[in-house]
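The structure under discussion appears below in the form of C-alpha cells.
In listed order, ligands and their atoms are each counted from 1. Note that these values count all heavy atoms, side chains included, but never hydrogens, waters or copies made by symmetry.
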Amino acid sequence: MTARVFVVGAGRAGRALTHALRVGGVDVVGLHGRQPGVGITSGEWPSSLASATVVLVTVRDAELDGVLRDLLAAPLGAGAVVLHASGSMEPPSLDLLRTRGHPGGTFHPLLPLTDPTRAAEQLHRAWIGIDGDEGARAISRELAAAIGARVLEIPAGAKARYHAAAVIASNFPIVLLAMATRVLTSAGVSEEAARGALGTLLTAAAENVRAAGPSAALTGPVARGDVETVRAHLEALADAPEVLELYRAMSREALPLAESAGADRGRLEEMRRVLSER
Ligand SMILES: NC(=O)c1ccc[n+]([C@@H]2O[C@H](COP(=O)([O-])OP(=O)(O)OC[C@H]3O[C@@H](n4cnc5c(N)ncnc54)[C@H](OP(=O)(O)O)[C@@H]3O)[C@@H](O)[C@H]2O)c1
C-alpha cells in the first residue's frame, strides 16, 4: 500500500495504531504528541506532515475538534485524507477540512487499546468502524486491511447508535462481571478466586457467542426453561435489590433467545411470570 500516514496524538490509540500500521507495512511518517519522546515529535508541525497522504488524529474526544481546527492552518499535503479515531464524535471542523479538499471520516478501532506492543496482534482480529467521504472510507479500508482488521461501515446518521452498541458490548460485561464478583465475595469467596473464575467464564461465553450467535451460546436456567432455579436465584439475591433488578431485566432479555433455541414455550411463559413477581 502506498499511503503515508501521519498520526497526531501519541496516547494509547495513537501509539497502538502506529505500531500496528508499521507492522502491517504501512509507512507511518510521523507520530506527533504534546510532549516529545522516542519517535514522537511535538510543538511545530514537522516537515513530514506535508508528505503524508493520511493524517490520523487520535487525541481524546474533548480535544479532537481543536486539533482538526489546528490542521486547517497546518501545511497539509494537497488532498490528504483526515481520519480520526473517535467512535462518538462528529467534529464540525472535519466539514471545514472537506471544503479545503481533504476527505474526512472515522477510523475507530472496536477494541480496548491499552498496550501498544500487543496492539498489532489484537488489531489483527479486530473490526474498525469507518464512515465519511468515499475517499476517506476507501483509504480506511486499505489501512484496516494492512493491519489485518475488518471494517464495519457505520450507517450515515447512526454514529450515536453505533457507539451505544459498542459501549454495551465492551463496557457492560465488565460492569456485570464486577457485580457477579460482588455476589460471590458476599458469599465468602475470595476476591481473587471470584474474579479468576468468573472472568474465565465470561471469556468463554464471549468466545461462544462470537462463534455461534447468542441463541446457541446461551446456557443456564433460562435457556433450559428451569423455573425453579430462577426462583431460587431471586430468593438468594433478595438482600441486594440492585442486583435483583438487573437479574430480572437480563433474564427477561434472555427469554426470546431461549425460545429461538427451542426451549419449551410454556415454561418460558411461567418464567416470565416469576420474573415479574414482586
Ligand atoms: N484507547 C482505546 O481503547 C481507544 C479505542 C478506540 C478509539 N479510541 C479513540 O482514540 C482517541 C484517543 O483515545 P486514547 O485512549 O488514545 O487517549 P489518550 O491515551 O489520552 O491519548 C490521547 C493523546 O493525545 C494527546 N494530545 C492531546 N492534544 C494534543 C494535541 N493538540 N496535539 C498532539 N497530541 C495531543 C494527549 O497528550 P497529553 O497526554 O499531553 O494530554 C495524549 O497523549 C479517542 O477519540 C478515543 O475515543 C481509543
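Between Asp239 atom CG and Leu244 atom CG the span is 9.5 Å, to the nearest 0.5 Å.
Taking only nitrogen or oxygen atoms, main chain and side chain alike, Asp61 reaches within less than 3.5 Å of ligand 1. At least one N or O atom of Leu113, backbone or side chain, sits closer than 3.5 Å to an N or O atom of ligand 1. At a 3.5 angstrom cut-off on N or O pairs, His108 does not count as close to ligand 1. In terms of N/O distances under 3.5 Å, ligand 1 is not approached by Pro109.
Regarding atom 48 (C) of ligand 1, its nearest protein heavy-atom neighbour is Ala13 CB, 3.8 Å. The nearest protein atom to atom 11 (C) of ligand 1, hydrogens excluded, is given as Val59 O, 3.2 Å; this is a heavy-atom distance. When only non-hydrogen protein atoms are considered, atom 32 (N) of ligand 1 lies nearest to Val8 CG1, 4.1 Å. Thr58 O, 3.7 Å is the protein heavy atom nearest to atom 22 (C) of ligand 1. Looking only at heavy atoms of the protein, atom 23 (C) of ligand 1 is closest to Gly11 N, 3.6 Å.
Contacts between Gln35 and ligand 1 below 4.0 angstrom, taking non-hydrogen atoms only, involve the side chain exclusively. Only the backbone of Leu111 comes within 4.0 Å of ligand 1, judged by heavy-atom distances.
Aromatic ring centres of His233 and Tyr247 lie closer together than 6.0 Å.
For ligand 1, the atoms sitting less than 4.0 Å from at least one non-hydrogen atom of Val67 are 30 (C), 31 (N), numbered in the order shown with element in parentheses. Every atom of ligand 1 with a heavy atom of Gly9 under 4.0 Å away is listed here by number and element: 24 (O), 34 (N).
With 3.5 Å as the limit, one finds a donor-acceptor pair spanning the side chains of Lys159 and Thr106.
Ion pairing of Glu121 with Arg118 is absent here, as no side-chain N (NZ or NE/NH1/NH2) approaches a carboxylate O to less than 4.0 Å.
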